[in-house]
2 protein chains.
Amino acid sequence: MQHGSDEAVTIYDTTLRDGAQAENVHFSLPDKLRIVRKLDELGIAYIEGGWPGSNPKDLAFFREVSTVPLRASRIVAFGSTRKAGVAVDQDPQIRMLLDAGTKAVAVFGKTWLLHVRKVLRVTPEENLEMIRETIAFLKSCGKEVVYDAEHAFDGYQEDPAYALECLEAASEAGADWVVLCDTNGGSLPEKITELTALAARKISSRIGIHTHNDGELAVANALAAVQAGATQVQGTINGYGERTGNCNLISAIANLEIKMGKRVLPPGALSRLQELSYFVDETANLAPNPRAPFVGRCAFAHKGGTHVNAIGKLFRSYEHIEPEIVGNRRRILVGELSGRSNIVLKAKELGLTLREDDARTREALQQVKEMEGKGYEFEAADASFELLLRKRLLPYPPFFQLVEYHVSIRRFPAKEYEVSEATVKLSVKGETVYTVAEGDGPIHALDQALRGGLERFYPDLARVSLRDYKVRILGPMAGTGAVTRVLVESSDGSISWTTVGVSTNIVEASWEALVDSIEYWLLRLERLAGAPLPKAG
Amino acid sequence: MQHGSDEAVTIYDTTLRDGAQAENVHFSLPDKLRIVRKLDELGIAYIEGGWPGSNPKDLAFFREVSTVPLRASRIVAFGSTRKAGVAVDQDPQIRMLLDAGTKAVAVFGKTWLLHVRKVLRVTPEENLEMIRETIAFLKSCGKEVVYDAEHAFDGYQEDPAYALECLEAASEAGADWVVLCDTNGGSLPEKITELTALAARKISSRIGIHTHNDGELAVANALAAVQAGATQVQGTINGYGERTGNCNLISAIANLEIKMGKRVLPPGALSRLQELSYFVDETANLAPNPRAPFVGRCAFAHKGGTHVNAIGKLFRSYEHIEPEIVGNRRRILVGELSGRSNIVLKAKELGLTLREDDARTREALQQVKEMEGKGYEFEAADASFELLLRKRLLPYPPFFQLVEYHVSIRRFPAKEYEVSEATVKLSVKGETVYTVAEGDGPIHALDQALRGGLERFYPDLARVSLRDYKVRILGPMAGTGAVTRVLVESSDGSISWTTVGVSTNIVEASWEALVDSIEYWLLRLERLAGAPLPKAG
């Protein structure tokens with residue numbers, strides 16, 4: 001980590017406001033409070049909580065959050081400049097902004113004549129008044145004021161003089177921050193640099209930058225602004241936001257600290273970036289982006305033969321930073337392109353010694369490739385892959401065997417009757433066990449019946465629970481007859497592991513993954529215990 | 001579209017080689033040939049097909065592709081500089097490169113002393129010889145030679161003099177292109193600009209740029225290089241690639257043409273960017289990224305109340321370009337944050353006239369919000385939303401009603417017996433219909449039984465088929481008991497539509513989506529026919 005420059009950059013998070021404008025992103029009130037606590041833990045300076053004027057849920061949020069003790073973060077309520085032709089202290093929207101009871105408020109106003117004339121439909125002078133009066137009033141109420149200059153860059157392109165007047169009006173009215181917003185997200189870095197440098201010279205307020213990713217340049221634009229004099233970066237965790245999203249704070253923070261040597265987060269926080277990224281995805285109920293820079297599952301994954309080979313000699317050879325710096329880890333992928341060296345390195349990760357010229361290495365690779373051809377994916381299912389290797393390389397005791405299962409789903413709307421039931425017949429330790437269970441659906445019922453049949457023989461299984469269940473339909477065009485891949489993540493409270501199953505039948509694919517999950521854990525238990533468990537009949 | 005500058009930029013696609021190194025990206029030989037034809041249709045100048053030296057599948061590809069007539073594209077075979085201590089014309093890897101029989105070849109070589117010493121384990125002089133001899137030999141064989149200077153930027157940071165020597169060696173040996181590669185993807189734009197400008201001054205070969213997205217800066221870095229003198233941009237469609245991916249050519253092309261006024265693709269091709277992006281995702285069997293800049297489903301989607309309101313007045317107000325320029329379209333989202341104006345605009349899209357103050361508008365919004373709370377998602381399921389509006393606003397004839405269904409999945413490994421069977425009892429036009437069908441899995445069986453029961457009454461349904469079936473488990477932590485959302489895409493050959501179902505039971509969620517899909521199409525048929533179809537009993 002280079003730490004030449006000691007300048008600080010302030011992070012302003014708007015995941016809860018701008019981020020919530022993303023398609024498919026919905027936060028409940030408890031979600032928002034959980035995210036606030038996490039952002040505070042990591043030392044994010046400002047958290048924009050919502051727009052009290054826009055919906056009641058946000059008002060409730062500000063009531064609740066005022067009772068949450070925060071160490072590092074300052075909560076910000078968001079709003080707009082006063083309406084045209086209304087006295088600022090009479091504007092209900094401004095009132096609600098004050099009622100939010102935050103130390104800091106953010107207001108956005110127009111910088112682009114097009115918007116002034118066609119959207120607000122007021123005169124350029126009236127718009128300037130709206131900016132001045134709103135900020136002056138909020139300052140007179142003792143607030144820290146962040147002014148978001150909406151469309152600053154588009155406005156500057158169309159009428160540089162007027163855009164600059166708007167920024168100066170905000171600064172002269174006492175705005176603590178003037179934030180240049182690339183609202184439509186289409187600006188090139190050079191345009192960002194030009195206006196930011198000019199604003200930094202012309203106005204006395206501190207400068208912030210707010211970018212969107214419509215040109216896939218949001219992070220680059222934020223960095224360009226910082227180099228031109230901005231000291232606040234606005235964005236969202238994982239880049240959530242309207243359309244293509246906002247500046248991804250995860251990547252912005254990592255670049256600012258690691259590549260540009262800025263002071264951004266408190267010591268130790270950087271190594272929790274992946275945790276933060278996953279936490280927010282999980283709270284928003286979105287699958288993490290495996291290709292996410294810095295924190296994604298693939299960010300330090302090596303698949304190509306040459307790369308894996310070089311990585312074996314020297315990690316730096318194909319990694320721009322050490323994964324641990326941002327809390328990520330290196331992964332060697334076992335995939336189509338992978339040679340034997342991947343199998344050997346992977347086996348080593350698992351504590352198994354294999355030589356490249358070992359026939360079993362070739363056979364294992366062969367089997368992996370055949371199964372991948374059918375749709376299995378071991379990159380995401382380490383436990384199934386370990387199980388596969390162990391079964392090939394070591395004596396394997398089958399803990400139980402399936403004799404038969406039967407799943408039945410019945411629905412009878414008129415009688416409001418709906419049931420999912422599974423019967424499972426197993427052979428365990430020489431006995432035949434026959435169990436039945438109901439569930440919320442066929443997979444749940446099958447899972448319940450399987451556990452029911454095993455609990456008497458392996459009581460420790462009570463500690464194992466399902467953490468996540470993912471379904472991926474392969475071959476999009478094949479409709480409901482397509483091959484289905486199921487990934488199951490399980491946990492025993494201390495460790496978690498993922499297994500995979502594949503079939504055209506989602507129930508059978510799920511069964512495979514559930515069985516792998518249980519076998520993997522029983523094997524592990526056996527190894528930890530030292531003594532092998534009794535064999536199945 | 002600004003077209004001030006008339007300079008041309010050449011696009012070099014490596015989706016089939018570097019792109020195939022992405023986790024979860026696997027191309028079959030037919031896949032690769034389909035993608036080649038599509039890239040040629042759009043006028044991509046160079047297509048890197050693979051590494052003949054690395055695997056037999058690539059050799060087969062070059063044999064096959066030589067028989068494909070191409071109008072615009074030139075196929076490139078990829079390899080590396082000769083091995084150390086081997087005469088270049090004796091190096092088997094170089095031989096295979098020639099055997100690929102392409103007009104153009106690409107070879108990569110080392111620029112970074114770290115790699116020369118620790119990975120290749122040769123002297124700096126030997127590495128320079130390997131670069132010179134390999135390029136000179138390939139030129140003597142009449143090939144167009146693209147030289148990829150691996151780790152050019154990392155190498156230049158560590159030892160500028162040696163890195164420059166490597167680039168000059170390649171140029172003096174006759175390389176047609178010297179491509180500066182940010183192999184580890186960690187460089188900032190300013191570093192890209194610095195070396196590219198220097199290389200453009202110092203060497204006579206044309207300069208190319210090859211970037212990776214590890215810092216979320218791949219596109220910005222490619223644009224910076226073009227501004228500093230590079231005239232070739234390498235990348236992959238949708239940014240596939242090792243780790244976090246390569247430069248996304250979709251965004252690079254759009255920025256170069258629309259924002260920087262470069263000549264990149266033949267006239268008319270730009271408006272097919274979305275088609276290209278989707279085609280490659282589909283071929284790679286990956287779900288398109290809804291947030292993808294320019295071409296994503298969300299790229300011109302408007303959800304926030306203020307934005308939707310302004311868009312109603314003036315599209316430019318929140319869009320950086322017209323969606324049609326890249327073949328995309330504008331969408332008004334009906335979502336949690338959406339006010340009545342979204343409902344009204346959406347209804348208008350559907351040809352229904354609603355007023356904001358209409359009670360039905362409020363009620364519809366209310367119902368949408370309640371259902372979204374349960375996990376329904378209308379943003380992706382336009383047909384279910386239209387059905388919901390029509391049922392509220394217009395007389396609706398129920399085409400059929402469910403009396404009962406029963407799905408049964410049985411597996412008996414010893415007897416190799418496995419069956420999924422569904423029985424469906426419906427009331428259609430006063431009759432009770434009872435049908436049974438088998439399927440590849442429970443959903444497929446249910447779909448077959450439902451269609452079997454309806455075909456006698458609605459024979460036109462034979463034209464409707466399932467295009468895609470997506471399953472999303474909501475609430476990751478809840479395991480197999482979690483709420484399941486199913487999206488079904490159907491088509492009648494001319495149009496396609498998407499419907500949604502939600503339940504803790506995947507079979508019931510699928511049933512809902514299947515029923516919506518059929519009802520939507522029958523309603524549409526009725527409207528087109530003018531005459532209403534007979535009502536169900």
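Within every chain, numbering begins at 1; the chains are lettered A, B, ... in the order of the sequence lines, protein sequences first and strands thereafter.
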- line: Here the gap from A:Asp214 atom CG to B:Ser251 atom OG, rounded to the nearest 0.5 Å, amounts to 10.0 Å
- request: Can you see which heavy atom on A:Glu242 is nearest to which on B:His302, and at what distance?
  value: OE2-CA, 3.8 Å
query: Non-hydrogen atoms of chain A under 4.5 Å away: do they reach the side chain of B:Ala292, the backbone, both or neither?
result: backbone
task: Counting only heavy atoms closer than 4.5 Å, note whether B:Ser420 contacts chain A via side chain, backbone, both or neither.
output: side chain
- line: From the list A:Gln227, A:Glu421, A:Lys191, A:His115, the residue making the most non-hydrogen contacts under 4.5 Å with chain B is A:His115
- prompt: Is there a side-chain contact between A:Leu223 and B:Leu217, using heavy atoms and a 4.5 Å cut-off?
  reply: yes
message: Please rank B:Ala301, B:Ser490, B:Pro413 by heavy-atom pairs under 4.5 Å with chain A and give me the top one.
response: B:Pro413
message: As an exercise: rank B:Asn289, B:Val419, B:Val403 by heavy-atom pairs under 4.5 Å with chain A and give me the winner.
response: B:Val403
field: Approximate separation, where rounding is to 0.5 Å, of B:Lys259 NZ and A:Ser187 OG
entry: 7.0 Å
message: Any non-hydrogen side-chain atom of B:Leu402 less than 4.5 Å from a side-chain atom of A:Phe412?
response: no
message: Using 30° and 60° as the class boundaries, would you call the ring planes of A:His151 and B:Tyr318 parallel, tilted or perpendicular?
response: tilted
query: Is A:Arg316 close to B:Asp154 at the side-chain level, that is, under 4.5 Å between some pair of heavy atoms?
result: no
- prompt: Among A:Ile321, A:Asn248, A:Leu120, A:Asn221, who wins on heavy-atom pairs under 4.5 Å with chain B?
  reply: A:Asn248
message: Report which part of B:Ala254 has an atom under 4.5 Å of a heavy atom belonging to chain A: side chain, backbone, both, or neither.
response: neither
task: Nearest 0.5 Å please: distance from the CZ atom of A:Arg243 over to the CD atom of B:Glu319.
output: 8.0 Å
statement: Most heavy-atom pairs under 4.5 Å with chain B, out of A:Pro189, A:Gly186, A:Pro293, belong to A:Pro293
message: Less than 4.5 Å apart, side chain to side chain, heavy atoms only: is that true for B:Glu216 and A:Glu216?
response: no
query: With a 4.5 Å limit on heavy-atom distance, are the side chains of A:Pro442 and B:Asn505 in contact?
result: yes
query: Is it true that a side-chain atom of A:His406 and a backbone atom of B:Ser408 form a donor plus acceptor pair closer than 3.5 Å?
result: no
- prompt: chain B: which of A:Val119, A:Asp182, A:Thr423, A:Asn184 shares the most heavy-atom pairs with it under 4.5 Å?
  reply: A:Asn184
- prompt: Which bit of B:Asn255 comes within less than 4.5 Å of chain A, counting heavy atoms only: side chain, backbone, both or neither?
  reply: side chain
message: Under a 4.5 Å cutoff for heavy-atom pairs, which residue among A:His212, A:Lys118, A:Arg291 has the most contacts with chain B?
response: A:Arg291
task: Under the side-chain hydrogen bond (donor to acceptor under 3.5 Å, both in side chains) rule, collect the residues that match up with A:Thr183, sequence neighbours excluded.
output: none
- request: Side chain from CB out, backbone as N, CA, C, O: work out which of these in B:Glu489 comes under 4.5 Å of a heavy atom of chain A, or both, or neither.
  value: neither
- prompt: If you tally heavy-atom pairs under 4.5 Å against chain A, which of B:Ser510, B:Gly239, B:Ala422, B:Gly241 wins?
  reply: B:Gly239
field: Side-chain touch A:Asp440/B:Val483, heavy atoms, less than 4.5 angstrom
entry: no
- prompt: Roughly how far apart are A:Tyr405 OH and B:Arg410 CZ, rounded to 0.5 Å?
  reply: 11.5 Å
field: Euclidean distance, A:Ser317 OG relative to B:Lys110 NZ, rounded to 0.5 Å
entry: 7.5 Å
- prompt: With chain A, which of B:Leu114, B:Ile506, B:Asp18 has the greatest number of heavy-atom pairs at distances under 4.5 Å?
  reply: B:Leu114
message: Nearest 0.5 angstrom please: A:His444 NE2 to B:Thr484 OG1, how far?
response: 11.5 Å
query: Looking at B:Leu188 and A:Met260, what are the two nearest heavy atoms and their distance?
result: CD1-CG, 3.6 Å
Side chain B:Arg411, main chain A:Val507, donor-acceptor under 3.5 Å: no
